[in-house]
Amino acid sequence: MIHSPYIRKQASVRQVMFTVLLALLPGIAAYVWQVGAGILVNLAIATLTALAAEALVLRLRKRPIGTSLGDLSAVVTAWLVALCFPTIVPWWVTVIAVLVAIIAVKHLYGGLGQNPFNPAMVAYCTMIIAYPALMSQWPPAGELDFATQLDLILGGARDLDAITGATALDALRTGLRVGEADVATLLKQDSFGAVGGRGWEWVGLGYLLGGLFLLARRVITWHMPVAFIAALAATAAVFWVASPGQFASPLFHLASGGAMLAAFFIVTDPVSGATTPRGKLIFAAGVGVLAYLIRNFGAYPEGIAFAVLLMNMCVPLIDMKTQPRVFGHRGDKP
Amino acid sequence: MSVRLFSFHGGVKTDGHKHESCGTPIRSAPLPGRLVVPLRQSARAASECLVVAGQKVFKGERIGAPVGVLGTAVHAPTSGTVVAIGDHLMPHPSGLSTLAVEIEPDGEERWIEHAPFDWQQSSRAEALAHLRDCGLVGLGGATFPSHVKLGTGSGIHTLILNGAECEPWITCDDRLMRERAADILVGARILRHLIGAERLLIGIEDNKPEAIAAMRSACAALPGAEVVVIPAVYPAGGEKQLIRTLTGIEIPYGRLGGEFGVQCFNVGTAHAVYRAMEHGEPLISRIVTLTGNVDQPGNFEVLIGTPVEDLLALAGPRRADTDRIIMGGPMMGFALPDLHVPVVKASNCLISASQKLFPSAPPEQACIRCGSCARACPAELQPFEMYWHARAKNFGKAQEYHLFDCIECGCCSYVCPSHIPLVDYFRFAKSEIWARERDKNAADQARERFEFRNWRQEREKEEKAAKLAAKAAETRAKLAEGGEASDSPAAAAAEDPKKALVAAALARAKAQKAAVAPKNTEGLSSEKQAEIDEIERRRRELGLDAPPSAADDAPQKTEARDA
């Protein structure tokens, strides 16, 4: 029996996941700096819940707990959940979301590598449907101190209107719906910064930095981020050029909400995404277009999560139809 | 003249480990106490034994005659006495035995009469026959018969010499090019003459500067010849990858370069062609790299049939932590099942492996579909998709993903962050498919035999009936000639026994048919059942390993090492 190769590259799932966590750090640093340290509490709650849930399910499934916990995939899911949730969401919302992600989305489908849907995105969608109010309360950047954030996270009384606002996307959307002003006027409001939501632009920049690091380390390929960003920007551009008073610019869409996090950390999830080079382009472009459409014409201000899940459903078809040609078969019909 | 380089997809950059063994010149391995020369030098063809035990043989004397299209001759590597002819364990991953001639050297190295072959004046067919009779096969590892390769295709414009040697640790081609560049070039000229090509490209990886310099100076005077330096990316020396790199031509699975106007030979093969043509010497030795966990690594010129055990001793005493001996490179080689096996024409390298140099694979984890394997695959496959189907024993689906285009180079296993032995799954899937095809062929043959037998019996019955009817008509005619007695009792009696005869024959045939039909189907199903049981047993025993026997029917397995 041949068991070659007898040599192997120094690579492991743990290393891949660790690199992803590392790449999230610039975004998290910007988050702490601009919005407050509350996110760290959320990250901790999510991480602990994910590890506990993972260990519990592995035990029930009689799988080796050590190696699977050690691969850090649960921690990545936990961090992504925490990072797309509002900073001041009560602790139990985070806990439920992480349980949904790890137990229902990941392990009920067979564990690591088997889930057809992005766990963090299912968690997000579940919670925004279950707790739409709690999931829409974002603290304006830099206006809540850590103590207040902590108090809110731990379940303190919520005099919300006084302390929270909407995200840039939400504010713009509501403003336009009410019809009180056009985009240009709305963007002059206090909650908007130079290109996106005030302060949040910096967080997006942090994610972008981390994403470039992932590209450099070859953890992800260029296909997904480029296709997602291009599709989102192109769709936004079409509407913006047609009616600048009604629709925000492509740059605003890229700098707002979870666009940067999605481009480099969400759509690039290898497990639930397309895998062929052409498939990746189609998948990520689909997410970009759908996200824009949901943002502008759907029932929710942020559409990326739903867009990702919709495209997840198409992955088997996309992969099947985009199989690359094989060496020596250049002339073959696909 | 400069050559535009094409690149091939994927590949991996490995730690070459060439310096361990490439520093010292090729040494001649001393004559061992006994040589075991297998009559089957490749999985594809055996040769017919020409000697008997007790017979004296000269060095270079033919001891095996070529059999079949893919057959090549086998020769005594030295002079001595044939002491035994019998089954002997082979250096093959299957661990199977094959017929081998055991020779006790007399130490005199007396050559059989041999003379240079006038390749310029002879016909192509004569030259190819000479190569076959000299036992010429590809020395890159796949041992494909050179005369067959040279005989395929027409209108070939380019001859490629493969001096890439992309597998880590191996340096036998490197040393050969450094030391015998001129001889290799003579061999290349002969090869080029035989295929009628004009261009000669010599592909060498950029990690062998001395070999490049030696080959460059040797081919400076040869018009149309050029040394092309290619990037050291494994498997750049795979025949198809090298052809692609140097010419941009892609040779699909199951086809030979000759059909596309290119042919590719290993530098060692070219050297052997030179010896066969210019000196009339058959292929009885080759260069073998000894390296790995040893004190004195290096390259040795070794007689075919030298026991691996004797050879390993030349690199120093076996170290305590050596736990395996790998034949071939670490990417595509295999651990020897036993050290009594002989060196064969395919043996390019022996690596003493220790846990420190070649640690066991970490436990397999779940596939995260990261696509690293697809990015590394030189055949441009989607290994993770094939893995998925091979693991589920969904072999048809695996074939849809071009399983058989896999050259088993091992790049996917090398890069997998989940430490999945992907290529093991593909070898398993291929051998299962081959096993099933064998079963199906056997069943088809049995059915055809059965149907033919039925048809033949039916035909015989009809013939017999026709004969009897003719005879009866004849008798009736005779009786009619004899007068008006046609309806006499005698005539009725004459007809009746014939009728009875026919009826009896029909009954016999019917009985036979009835007896035969169920027997055949019973035999068939139990045979099939046995096969199924066998497959199940193997699966249980080996987990996901490929059944050993399948390797013999797997000529395509080693394509990447070809040439």
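Residue numbers begin at 1 in each chain, while the letters A, B, ... track the order of the sequences. Keep in mind that what you see is a predicted model, and the values were worked out from it rather than measured. The figures here come from the full heavy-atom set of this structure, side chains too, leaving out hydrogens, waters and symmetry mates.
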Chain B shares the most heavy-atom pairs under 4.5 Å, among A/Gln15, A/Gln114, A/Arg14, A/Gln10, with A/Gln114
Turns out that what part of B/Ile351 lies under 4.5 Å from chain A's heavy atoms comes down to neither
Cut-off 4.5 Å, heavy atoms of chain A, and the answer for B/Ala361 is both
*Quick one: do B/Arg369 and A/Asp319 make a salt bridge, cutoff under 4.0 Å?*
yes
Of the listed A/Gly110, A/Ser272, A/Gly113, A/Pro64, the one with the largest count of heavy-atom pairs under 4.5 Å with chain B is A/Gly113
In short, B/Gln365 meets A/Val13 closest at the heavy-atom pair OE1-CG2, 4.3 Å
Problem - Donor-acceptor contact present, side-chain B/Glu380 to main-chain A/Val326, <3.5 Å - result: no
ask   = Would a 4.5 Å heavy-atom cut-off, applied to side chains only, mark B/Lys240 and A/Phe327 as touching?
value = yes
Of B/Phe8, B/Phe260, B/Trp388, the largest count of non-hydrogen pairs under 4.5 angstrom with chain A goes to B/Trp388
Looking at A/Arg61, I want to see if its CZ is surrounded by more than 12 non-hydrogen atoms of other residues, nucleotides or ligands under 6.0 Å. yes
Open item on the list: Strictly distance-based, threshold 3.5 Å: is any side-chain N or O of A/Tyr6 a donor or acceptor partner for the main-chain N or O of B/Ala335?
Closed with: yes
When the 4.5 angstrom heavy-atom criterion is applied to B/Pro168 and chain A, the contacting part is side chain
Should A/His329 and B/Glu250 be marked as a side chain to side chain contact (heavy atoms under 4.5 Å, CB included) after you check the CA-CA gap, both sets of side-chain angles, and the distance that decides it? CA-CA 8 Å; A/His329 294 267; B/Glu250 290 189 7; over 6 Å; no
Using atom types as modelled and distance alone, determine if a side-chain donor or acceptor of B/His419 lies under 3.5 Å from a backbone N or O of A/Ala11.
yes
Whatever's closer than 4.5 Å to a heavy atom in chain A on B/Tyr401 counts as side chain
Exceeds 12 heavy-atom contacts within 6.0 angstrom, atom CZ of B/Phe6:
yes
In this structure, CD of B/Gln382 is separated from OG1 of A/Thr322 (nearest 0.5 Å) by 8.0 Å
Report task. Please lay out, stage by stage, how A/Lys9 and B/Val12 fare under the test side chain to side chain contact (heavy atoms under 4.5 Å, CB included). Result -> CA-CA 9 Å; A/Lys9 196 174 154 184; B/Val12 294; over 6 Å; no
Under 4.5 Å to a heavy atom of chain B? For A/Thr221 that would be side chain
Do other residues, nucleotides or ligands put more than 12 heavy atoms under 6.0 Å from the CZ atom of B/Arg537?
yes
Where do B/Arg427 and A/Ser4 land on the side chain to side chain contact (heavy atoms under 4.5 Å, CB included) test, with the steps shown first?
CA-CA 11 Å; B/Arg427 292 188 192 112; A/Ser4 52; 3.1 Å; yes
So OG of B/Ser418 and CG of A/Leu112: to nearest 0.5 Å the spacing works out to 7.0 Å
- Quick one: are B/Ser413 and A/Arg8 in side-chain contact, heavy atoms under 4.5 Å? no
Bottom line for B/Ile368: the part with an atom under 4.5 Å from chain A's heavy atoms is both
Turns out that what part of B/Val415 lies under 4.5 Å from chain A's heavy atoms comes down to both
Counting heavy-atom pairs under 4.5 angstrom with chain B, the leader among A/Pro324, A/Pro270, A/Pro277 is A/Pro270
Bottom line for A/Val271: the part with an atom under 4.5 Å from chain B's heavy atoms is both
If one checks every heavy atom of B/Glu385 against chain A at 4.5 Å, the contacting part turns out to be side chain
Taken to the nearest 0.5 Å, the spacing of B/Asp15 CG from A/Ile7 CD1 works out to 8.0 Å
